[in-house]
Every structure is written in C-alpha cells, then in structure tokens.
Amino acid sequence: MTTIALLPGDGIGSEILDGPLAYLRRLRSDGAPLTLTGPHPYGTTGWLRTGSILPPETVDACRAADVVLSGAVGAHPGVTSAQCPNPEAALIELRHIFDLRVSIRTVWVPGDGSGDVVIVRNITGGAYASPDLRQESDGDRAAEDRVVLEPDRLREVFAIAAGYAARQPDRRAISVDKASVFATSRLWRRIAHESGTAFDDVNVDRAAYELVKYPELPGVIVTEGIFGDILSDVVCARAGSPALCGSATVNPDRAFGNGVTALFEPAHGTAPHRTGGRRSNPTGAWLALADLLDWCPDLQPLGLSRAVRAALEATVADGPPTYDLASDGATGLSDMDQFNQRVLGYLESASQTSRCG
Ligand code: IPM
Ligand code: MN
C-alpha cells in the first residue's frame with residue numbers, strides 16, 4: 001500500500017493537481033493499492049492557516065506517508081512578500097528533513113520527436129545547503145552562502161544520471177560545471193570522468209548558450225543544484241512552456257516505511273495572478289504524477305506511468321492547445337478542466353482496452 005500525502009501549496013498549486021487527483025481517486029476506487037492524505041498546508045498557505053510555512057502537522061503527515069504530491073510553493077494572492085517573506089523555504093526544509101537529496105526533472109518536448117530532456121542534480125548540499133550553513137546579513141555585515149560538495153553524494157548523482165543516459169544511448173549526455181572557477185566544479189568534473197559514462201564536460205555559460213541555440217537538445221544534463229535550477233527553465237523555454245516539466249526530489253536509498261522517500265511536483269511556480277482562472281496548463285502536474293507512479297514499488301508494476309504519458313501525448317496531439325502553447329491568434333483554446341477531461345478520457349479508454357484485451 002502506498003500512502004500519498006497531498007501538499008498543494010500556494011497560488012495555482014491547488015487547482016493544478018485537480019486532474020491528477022481525479023485519476024488517483026479513480027485508481028483507488030478501482031482497487032489500486034494507494035491511500036491519499038491531505039490536503040496538508042505548507043508555504044504561504046501554511047502560514048495563512050497556522051502561522052508557520054511548514055506546520056508540524058504537515059511534517060507529521062509526511063512522516064506517515066511514502067511520497068508527496070505537491071502543486072507549487074511560493075507567492076499566493078492577497079499575501080505580500082512583506083507578510084510572508086520566503087515561503088519557498090518550506091520546500092527546501094522538507095527536502096532536508098527527509099533527505100530528498102537528488103532532483104530529477106523531465107522536460108517533455110511534445111511532438112517534435114526529439115524526446116525528453118532529463119536534468120539530474122544534487123538538491124541538498126552544494127548551493128542548496130541547509131539554511132543553518134548560511135549567514136544572513138543585517139545590511140552591514142557580509143552575507144554568506146557556502147557551497148560544499150561531498151564526493152560520495154556526487155557519485156550517487158552521477159549513477160542516477162548514467163542510468164538515464166544508458167536509456168537514450170543515441171542522445172548526447174552532458175555534465176555541466178564551471179571548473180575554471182570553482183573547486184567544487186573541479187571535483188564535479190573528476191567524478192564525471194570516473195563515472196564510466198561518456199558525459200561531455202560543458203561550462204555552464206556555454207551550456208546555456210547551446211541549449212538556446214542548437215536545434216538538438218541533449219538527452220541528459222547532470223549538474224550542480226543551482227545550475228540545474230536555471231538550465232531546467234532554459235530547457236522548458238525550448239520545449240515551449242514552463243508547464244512541460246515534471247520535477248522529483250528523491251532520496252536514492254528508497255527505504256519505504258520511514259516517511260516520504262520522494263516529492264513530486266510540476267517545476268513551474270505558483271502564478272498568483274492566474275490563481276483561480278483554471279486556464280493554466282496542468283501537464284507538469286501530470287508528468288509529476290507519472291514519475292510518482294513509476295517510483296513506488298506497489299504502483300510501478302501496474303504500468304500506469306506509461307499510460308499517463310500516452311494520454312498526455314494524445315491530448316496534446318489532438319488539440320486544442322492550452323494558452324501557453326497556442327500560436328498567436330489561436331481560438332478555441334483548451335482550459336485546465338477541458339485538458340484534464342481529455343487526459344482522463346484517454347486513460348479511461350486505455351484501461352477499458354486493457355481490461356477487454
Ligand atoms: C524549483 C524552484 C525551487 C528550487 C524553489 C521554489 C525553492 O525554483 O523547483 O525549480 O529552486 O528548487
Ligand atoms: Mn526553479
């Protein structure tokens with residue numbers, strides 16, 4: 001039995017999960033081995049409800065769960081940044097509490113046949129070190145963020161990236177660093193070379209240029225946390241929308257039964273100005289769900305991840321597009337609910353076909 005804790009977060013975070021949630025509920029009533037808990041508040045919504053961006057009850061719910069499905073965390077309509085200055089810290093803290101130390105993002109490039117781009121990076125340690133290692137400034141004193149990378153942690157990141165590279169042997173796999181400047185990057189490069197996989201070394205500035213300029217995208221990018229945060233958004237721009245990225249932060253030990261082993265979310269932000277409009281493209285949330293279904297040992301054998309991806313392909317292929325993917329002047333656009341209905345329809349007919357077959 002897999003327990004999934006729902007942490008919708010802020011802004012469009014809640015509405016963006018509606019489609020994936022409808023599917024999970026349908027799977028549960030069809031007998032799939034899963035339990036849903038929540039919604040549990042965190043981020044600005046946690047602060048609004050309880051005064052804390054990461055309420056203890058939400059952490060307890062994560063201790064009692066196997067995985068988290070999240071929406072987005074950050075700015076929320078009606079709350080100023082003076083009132084709730086850094087809601088994203090709740091997500092960062094959650095990653096530290098459960099040692100979700102590797103980030104795996106899949107940017108989906110629909111339709112053009114070039115395929116997904118997988119970005120693997122360390123997401124605790126490095127530039128995303130624990131908040132206690134940071135020195136805040138009062139405006140006079142210096143501020144400090146230290147970047148420390150442990151070789152064993154990097155080996156683990158490279159092992160995961162190598163797995164993705166092996167699945168796409170015809171595509172380029174790149175290791176991105178800034179070895180001309182950082183000692184951490186020189187260690188990064190050394191471990192890349194020891195990894196046994198032929199990653200091309202690319203400096204981060206050059207990587208940004210190539211990702212914008214070259215028609216062909218690499219299949220795998222392995223890089224330090226902050227570089228990957230930036231470059232994954234660059235790849236999203238190439239894919240056509242920030243909504244085309246599912247994001248997972250995982251504990252590679254995969255020790256189920258001791259609290260959450262991974263958190264899945266779309267990579268986009270909370271879009272406070274769009275909140276409630278139900279027009280946002282929910283693809284990232286569906287991609288996050290597909291990754292979740294693949295991660296959990298009780299759910300993985302059901303083949304649901306592949307079904308979700310096939311339903312997304314079909315939904316995008318037979319249009320109408322959501323506003324973010326529409327060409328100028330396009331009419332009859334799909335909103336979130338229409339998009340979800342189409343995905344759910346494809347999933348339903350796929351499951352009927354498999355039952356009949
Ligand atoms: C992302 C975001 C987060 C990150 C923030 C909200 C902490 O930018 O998921 O890409 O940097 O990891
Ligand atoms: Mn980001």
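No experiment lies behind these values; they were computed from the predicted model shown. Atoms within a ligand are numbered from 1 in the order they appear, just like the ligands themselves.
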A.B. asks: Sorted by chain and residue number, which protein N/O/S atoms are under 2.8 Å from the Mn ion (ligand 2)?
C.D. replies: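 Listed by chain and number: D229 OD1.
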A.B. asks: Is the F158 ring parallel, tilted or perpendicular to the F199 ring (thresholds 30°, 60°)?
C.D. replies: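 F158 vs F199 ring planes: perpendicular.
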A.B. asks: What part of H268, side chain from CB on, backbone N/CA/C/O, both or neither, has a heavy atom under 4.0 Å from ligand 1?
C.D. replies: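 Answer for H268: neither.
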A.B. asks: Numbering the atoms of ligand 1 from 1, which are under 4.0 Å from a heavy atom of Y128?
C.D. replies: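 Taking each heavy atom of Y128 in turn, ligand 1 has 4 (C), 11 (O), 12 (O) under 4.0 Å.
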A.B. asks: Please write down residue, atom name and distance for the protein heavy atom closest to atom 8 (O) of ligand 1.
C.D. replies: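 Among all protein heavy atoms, the one nearest atom 8 (O) of ligand 1 is D229 OD1, 3.3 Å.
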A.B. asks: For a side chain to side chain contact (heavy atoms under 4.5 Å, CB included) with H96, tell me which candidate from D99, L94, L100, I92 qualifies.
C.D. replies: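 Exactly one candidate clears the test, I92.
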A.B. asks: Kindly determine whether L312 and L287 satisfy side chain to side chain contact (heavy atoms under 4.5 Å, CB included), including the steps that lead there.
C.D. replies: CA-CA 9 Å; L312 277 178; L287 290 169; 3.7 Å; yes
A.B. asks: Return the option from R105, R95, E265, E88 holding the heavy atom at the smallest distance from atom 12 (O) of ligand 1.
C.D. replies: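 Nearest option to atom 12 (O) of ligand 1, by heavy atoms: R95.
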A.B. asks: Ion pair present between D205 and K178, side-chain N to carboxylate O less than 4.0 angstrom?
C.D. replies: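 Here D205 pairs with K178 in a salt bridge, since their nearest N and O are under 4.0 Å apart.
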A.B. asks: Among R172, R189, R206, R171, find the one that has a salt bridge (Lys or Arg N to Asp or Glu O under 4.0 Å) with D200.
C.D. replies: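 So, applying the salt bridge (Lys or Arg N to Asp or Glu O under 4.0 Å) to D200 and each of R172, R189, R206, R171, only R172 qualifies.
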A.B. asks: Among residues at least two apart in sequence or on other chains, which ones pass salt bridge (charged side-chain N to carboxylate O under 4.0 Å, His left out) with D337?
C.D. replies: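 Result, salt bridge (charged side-chain N to carboxylate O under 4.0 Å, His left out) vs D337: R278.
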A.B. asks: Determine the sole option in S232, P218, S247, C245 for which the side chain to side chain contact (heavy atoms under 4.5 Å, CB included) test with I119 is passed.
C.D. replies: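 When S232, P218, S247, C245 are each tested with I119, the side chain to side chain contact (heavy atoms under 4.5 Å, CB included) holds only for S232.
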A.B. asks: May I ask you to decide if the ring planes of Y214 and Y209 are parallel, tilted or perpendicular, using 30° and 60° as cut-offs?
C.D. replies: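 Answer is perpendicular, since the angle exceeds 60°.
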